[in-house]
Amino acid sequence: MLDPPRWHRRWRQWAPHWPYVHAVDQALTGRGIPLGIVRADVALRAYHQRDRHEKIYTLLAWDVSRTGARGGVRLAWDDETGWSYAKLGLSTHDVLLEAPLTPLHRVFASPEDVAAVAEGLVYHWRAPEGEYGAEWDRAPEVRAAIESFRELRSGGGSS
């Protein structure tokens, strides 16, 4: 679903975590989870003269019309803390509960594990159970892309 044909090269340069976002999207699609809102971006986390740090993140959200529950669901990911979830009210801005997805154990949790957790949340509004310890096999590649991206953005990289 998430493969903008003309933007593919640009997305890789602008969003170094795109391969992970795409793999998670494929795992969600493979489980038949309905398409929701997807946002993959880089945001300035803190800015001081000598400290500029950008948060690399992804948000996946399903409003109440796409869930089998009383409200919506949002999954959030960033490259430092990994996955968290929120149960939403009738509006996607109405956060009822927010918590880390600690059962995933990894910042780059396996996309299949992310989809398994999402399935319980989207279809049943059920908090994740069990333990998921697998890391995505392409995590080192994306970590390196993120590091290169940050070096280039901070002016530390050379051509």
Side-chain angles (χ1 to χ4, degrees), residues 1-45 54-146 149-150:
M1 299 296 257
L2 292 180
D3 199 7
R6 292 189 185 137
W7 285 61
H8 193 62
R9 179 178 284 221
R10 185 171 179 197
W11 274 94
R12 282 185 279 154
Q13 294 170 350
W14 175 72
H17 57 310
W18 187 253
Y20 187 53
V21 175
H22 191 261
V24 168
D25 175 65
Q26 287 180 321
L28 292 168
T29 301
R31 282 188 174 257
I33 297 173
L35 185 62
I37 298 167
V38 179
R39 181 168 185 172
D41 208 345
V42 176
L44 196 58
R45 177 173 275 167
E54 292 170 319
K55 176 181 174 180
I56 295 174
Y57 72 94
T58 298
L59 295 173
L60 306 171
W62 296 267
D63 65 24
V64 68
S65 72
R66 299 189 185 280
T67 69
R70 298 174 296 271
V73 173
R74 182 178 65 218
L75 294 180
W77 174 89
D78 74 62
D79 69 305
E80 293 179 359
T81 61
W83 289 96
S84 64
Y85 76 100
K87 290 183 177 180
L88 309 173
L90 296 178
S91 162
T92 56
H93 301 291
D94 185 14
V95 177
L96 304 176
L97 169 77
E98 195 163 9
L101 275 171
T102 52
L104 290 174
H105 289 286
R106 304 283 186 152
V107 170
F108 286 94
S110 153
E112 292 75 23
D113 290 348
V114 174
V117 168
E119 186 173 38
L121 285 163
V122 171
Y123 289 135
H124 308 291
W125 230 38
R126 188 177 317 129
E129 297 175 358
E131 298 292 318
Y132 303 89
E135 183 173 68
W136 185 45
D137 58 350
R138 292 183 56 200
E141 170 190 328
V142 176
R143 280 191 188 99
I146 289 170
F149 174 82
R150 285 197 168 124

How far apart are the C-alpha atoms of Arg150 and Asp79, what are their side-chain angles, what is the distance that settles it, and do they pass the side-chain contact (heavy atoms from CB on, under 4.5 Å) test? CA-CA 12 Å; Arg150 285 197 168 124; Asp79 69 305; 2.9 Å; yes

Looking at Asp113, Asp78, Leu101, Val107, which hits side chain to side chain contact (heavy atoms under 4.5 Å, CB included) with Trp83? Leu101

Going by heavy atoms in the side chains, are [X] and [Y] under 4.5 Å from each other?
X	Y	value
Thr81	Pro100	no
Val142	Trp18	no
Leu59	Ile37	no
Leu88	Val95	yes

Closest non-hydrogen atoms of Thr67 and Gly72, given as atom of the first, atom of the second and distance, are CG2-CA, 4.2 Å

Sort out for me which residue in Trp77, Tyr57, Phe108 forms a ring pair (Phe, Tyr, Trp, His ring centres under 6.0 Å) with His17. Trp77

So, using side chain to side chain donor-acceptor pair (under 3.5 Å) as the criterion, who are the partners of Ser110 when residues are at least two apart? Glu112

With sequence neighbours excluded, give me every salt bridge (Lys or Arg N to Asp or Glu O under 4.0 Å) pair touching residues 128-140. Glu135-Arg143, Arg138-Glu141

According to salt bridge (Lys or Arg N to Asp or Glu O under 4.0 Å), does anything in residues 84-93 pair up with another residue at least two apart or in another chain? List the pairs. none

What pairs with Trp125 under ring pair (Phe, Tyr, Trp, His ring centres under 6.0 Å), at least two apart in sequence or on another chain? none

Identify each donor-acceptor pair in which a side-chain atom of residues 116-123 lies under 3.5 Å from a protein atom, sequence neighbours left out, and give them as a table.
unit_1 : atom_1 : unit_2 : atom_2 : d
Glu119 : OE1    : Arg31  : NH1    : 2.4
Tyr123 : OH     : Gly32  : O      : 2.6

Applying side-chain contact (heavy atoms from CB on, under 4.5 Å), name anything that partners Pro111, two or more places apart in sequence or on another chain. Tyr20, Ala23, Val24, Ala27, Trp136

Taking the side chain from Arg74 and the backbone from Ala61, do they hold a donor-acceptor pair closer than 3.5 Å? no

Using 0.5 Å steps for rounding, measure from the CG atom of Leu60 to the CD1 atom of Ile33. 10.0 Å

